[in-house]
Protein chains: 2
Amino acid sequence: MDDSDQEPDIDERRERAREEVLDAMERAAEIYGLSRSYGRLYGLLFFAEEPMSLDDLVERSEYAKSTVSTAMNSLQRLHLVHRRSIPGEGKKAFYEAERDFWTVFQEFLRREVRREVDTMIRSLDRAEQHLDGLDDEQAQRDLEKIRQLRRMYDRSQSLIDILTSSSLDRLAGLLERLRRD
Amino acid sequence: MDDSDQEPDIDERRERAREEVLDAMERAAEIYGLSRSYGRLYGLLFFAEEPMSLDDLVERSEYAKSTVSTAMNSLQRLHLVHRRSIPGEGKKAFYEAERDFWTVFQEFLRREVRREVDTMIRSLDRAEQHLDGLDDEQAQRDLEKIRQLRRMYDRSQSLIDILTSSSLDRLAGLLERLRRD
DNA sequence: TGATATATTCGGCATTATCCGAATATACTG
DNA sequence: CAGTATATTCGGATAATGCCGAATATATCA
């Protein structure tokens with residue numbers, strides 16, 4: 001007699017538990033501007049004991065292979081999943097979930113935010129050059145606003161530099177100190 | 001003889017400078033998952049000396065009033081703009097840009113992220129209940145993963161609490177210390 | 001309350017995003 | 001290098017979003 005005879009609802013309860021978390025991950029994906037399918041695919045990898053292949057994911061998710069393929073590429077760019085190859089498995093790609101969201105966030109800062117900040121700063125500098133030396137009240141007021149924004153972006157830049165080079169533990173300890181102060 | 005005779009390109013240079021910044025703001029909006037129009041509308045407010053009415057914004061942006069109206073509501077929810085009424089102006093609403101992105105970020109943490117974290121934690125707890133006491137290897141492994149995630153979300157929660165209650169200056173000072181350590 | 005100025009909502013059209021299956025490209029193996 | 005297993009790309013169907021103008025709702029003031 002096997003498990004399911006002995007305790008007929010084990011599988012169902014396990015299934016329910018996972019489904020609960022997968023749903024939450026779909027919602028989370030939505031909040032951060034990703035499509036729900038990404039949340040579900042991430043969740044499947046999150047619960048996997050071993051890296052999953054594209055075909056594994058296709059089977060479990062019931063999405064088309066093309067869908068899973070592009071999703072994996074996006075999730076990889078976001079550092080939410082990692083791609084590995086396994087010796088002896090040929091071209092086959094395997095994916096696993098990154099479970100430490102802090103490093104995911106750090107990578108987002110490094111790649112997306114940092115790039116936004118840099119291009120904004122370049123634009124602000126160009127705008128400043130256009131206005132510099134203009135004998136015009138309106139121009140002076142614009143200039144002041146632009147410089148203020150530029151200062152804020154400078155501070156953001158250093159903040160990003162610090163955040164992307166600190167472990168979460170280090171940061172958490174420091175913030176703990178802040179709370180007590 | 002007026003300004004434009006004396007220095008014919010003042011207006012154009014001012015225009016160019018603003019357009020440079022507005023473009024950058026449209027790109028930034030895109031990066032953070034908003035539509036470009038939001039970036040432009042925010043930019044118009046950013047440069048305004050005084051609060052602007054819906055009709056002002058319609059005129060300057062050349063979007064339809066309905067578009068501007070819904071955009072203002074969204075930007076308001078994100079705390080990127082503030083709505084004010086002006087005594088003696090009746091029902092008319094006036095908008096101004098929030099120039100401190102740190103408070104914008106704080107509000108986003110408070111409203112969106114905090115909510116995501118809370119519902120995820122609730123889901124994780126429900127999932128844990130489903131699995132608790134199950135005599136099943138797979139269930140135990142799932143349980144361990146869920147608990148690990150739960151611990152991470154707990155830490156996130158306190159991090160959010162701290163971040164949403166500290167001024168940028170305070171935080172920046174602290175992080176400066178971190179850098180030197 | 002009625003008149004007026006303003007804001008919001010709604011249906012529709014155009015654009016974009018998602019997802020699919022088929023076709024193509026790519027990497028590995030013998 | 002041919003053959004095979006795998007991944008990616010592409011065109012098309014469907015759903016979602018952005019934007020509009022007209023219709024409706026709401027707030028203020030006489």
Side-chain angles (χ1 to χ4, degrees), chain A residues 22-23 25-45 50-78 80-96 112, chain B residues 22-23 25-45 50-78 80-96 112:
Chain A
L22 291 194
D23 278 356
M25 287 179 171
E26 290 187 29
R27 282 199 304 272
E30 217 168 16
I31 288 177
Y32 299 114
L34 307 175
S35 50
R36 299 179 65 87
S37 55
Y38 288 23
R40 169 154 295 260
L41 288 165
Y42 175 86
L44 291 174
L45 289 173
E50 301 169 359
M52 293 174 77
S53 71
L54 263 192
D55 284 322
D56 295 338
L57 285 163
V58 167
E59 193 186 333
R60 296 297 218 84
S61 70
E62 304 190 311
Y63 287 119
K65 195 166 186 176
S66 53
T67 305
V68 177
S69 174
T70 54
M72 284 305 111
N73 282 315
S74 305
L75 290 176
Q76 216 182 352
R77 251 184 285 113
L78 294 168
L80 276 162
V81 310
H82 302 289
R83 179 185 193 148
R84 294 180 36 194
S85 26
I86 292 186
E89 288 281 0
K91 187 190 182 184
K92 205 168 191 168
F94 292 85
Y95 298 91
E96 48 191 357
E112 306 300 320
Chain B
L22 290 194
D23 278 356
M25 286 180 171
E26 290 188 28
R27 282 199 303 273
E30 218 168 15
I31 287 177
Y32 298 114
L34 306 175
S35 49
R36 299 180 66 87
S37 54
Y38 287 24
R40 169 154 296 259
L41 287 165
Y42 175 86
L44 290 174
L45 289 173
E50 301 169 358
M52 293 176 78
S53 70
L54 264 191
D55 284 324
D56 294 338
L57 284 163
V58 167
E59 192 186 336
R60 294 299 217 85
S61 70
E62 302 189 314
Y63 287 118
K65 194 166 187 179
S66 52
T67 305
V68 177
S69 173
T70 55
M72 285 304 112
N73 281 315
S74 304
L75 290 175
Q76 214 183 352
R77 253 185 284 113
L78 294 168
L80 275 161
V81 310
H82 300 289
R83 179 186 193 148
R84 293 180 37 192
S85 26
I86 291 185
E89 288 283 359
K91 187 187 182 184
K92 204 168 193 170
F94 292 86
Y95 297 91
E96 50 192 357
E112 306 299 321

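Quick note on labels: first sequence line is chain A, next is B, and so on, each numbered from 1.
- Residue E89(A) is classed as having no contact, given no heavy-atom separation below 4.0 Å to the nucleic acid.
- Which of dC10(C), dA7(C), dT9(D) sits closest to the side chain of L54(B) comes down to dA7(C).
- Side-chain N/O atoms of N73(B) and T70(B) include no donor and acceptor closer than 3.5 Å.
- Inspection of the S74(A) and Y38(A) side chains reveals an N or O donor paired with an N or O acceptor under 3.5 Å.
- Between the CG atom of L75(B) and the C1' atom of dT8(C) there is a distance of 16 Å, given to the nearest Å.
- Taking the side chain of T67(B) as heavy atoms from C-beta on, and the options dT9(D), dC20(D), dT26(C), the nearest nucleotide is dC20(D).
- Between M72(A) and V81(A), the shortest heavy-atom distance links the atoms O-CG2, 4.0 Å.
- As judged by a 4.0 angstrom heavy-atom cut-off over every strand, R83(A) is placed among residues touching the sugar-phosphate backbone only.
- Rounded to whole Å, the distance from CZ on R40(A) to P on dC19(C) is 12 Å.
- L34(B) has its CG atom 16 Å from the C1' atom of dC19(D), to the nearest Å.
- For K92(B), counting side-chain heavy atoms from C-beta on, the closest listed nucleotide (dA7(D), dC19(C), dT6(C)) is dT6(C).
- Going from atom CG of D55(A) over to atom P of dG21(C) covers 14 Å, rounded to whole Å.
- Side-chain atoms of S35(B) stay outside donor-acceptor range of the base of dG18(D), with no qualifying N/O pair under 3.5 Å.
- I86(B) places its CD1 atom 16 Å from the C1' atom of dA5(C), with the value rounded to the nearest Å.
- Looking at which nucleotide of DNA chain C each of T70(B) and E62(A) is closest to, the 5′-most match is held by T70(B).
- Going from atom CD of E30(B) over to atom C1' of dT15(C) covers 14 Å, rounded to whole Å.
- Distances shorter than 4.0 Å separate some side-chain N or O of S69(A) from OP1 or OP2 on dT8(D).
- Considering E30(A), E62(A), E26(A) in turn, E26(A) is the only one that fulfils the salt bridge (Lys or Arg N to Asp or Glu O under 4.0 Å) rule with R40(A).
- Taking 4.0 angstrom as the limit, K65(B) places a side-chain polar atom (N or O) nearer than this to OP1 or OP2 of dA7(C).
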Take M25(A) and R36(A) through the test side-chain contact (heavy atoms from CB on, under 4.5 Å) and record every step on the way to the result.
CA-CA 8 Å; M25(A) 287 179 171; R36(A) 299 179 65 87; over 6 Å; no
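- Across all strands shown, S37(B) has heavy atoms under 4.0 Å from sugar-phosphate atoms exclusively, and none from any base.
- Note: CZ (F94(A)) to P (dC28(C)) measures 13 Å, nearest angstrom.
- Side-chain N/O atoms of K91(B) include none lying less than 4.0 angstrom from OP1 or OP2 on dA7(C).
- Between the OH atom of Y38(A) and the P atom of dA17(C) there is a distance of 11 Å, given to the nearest Å.
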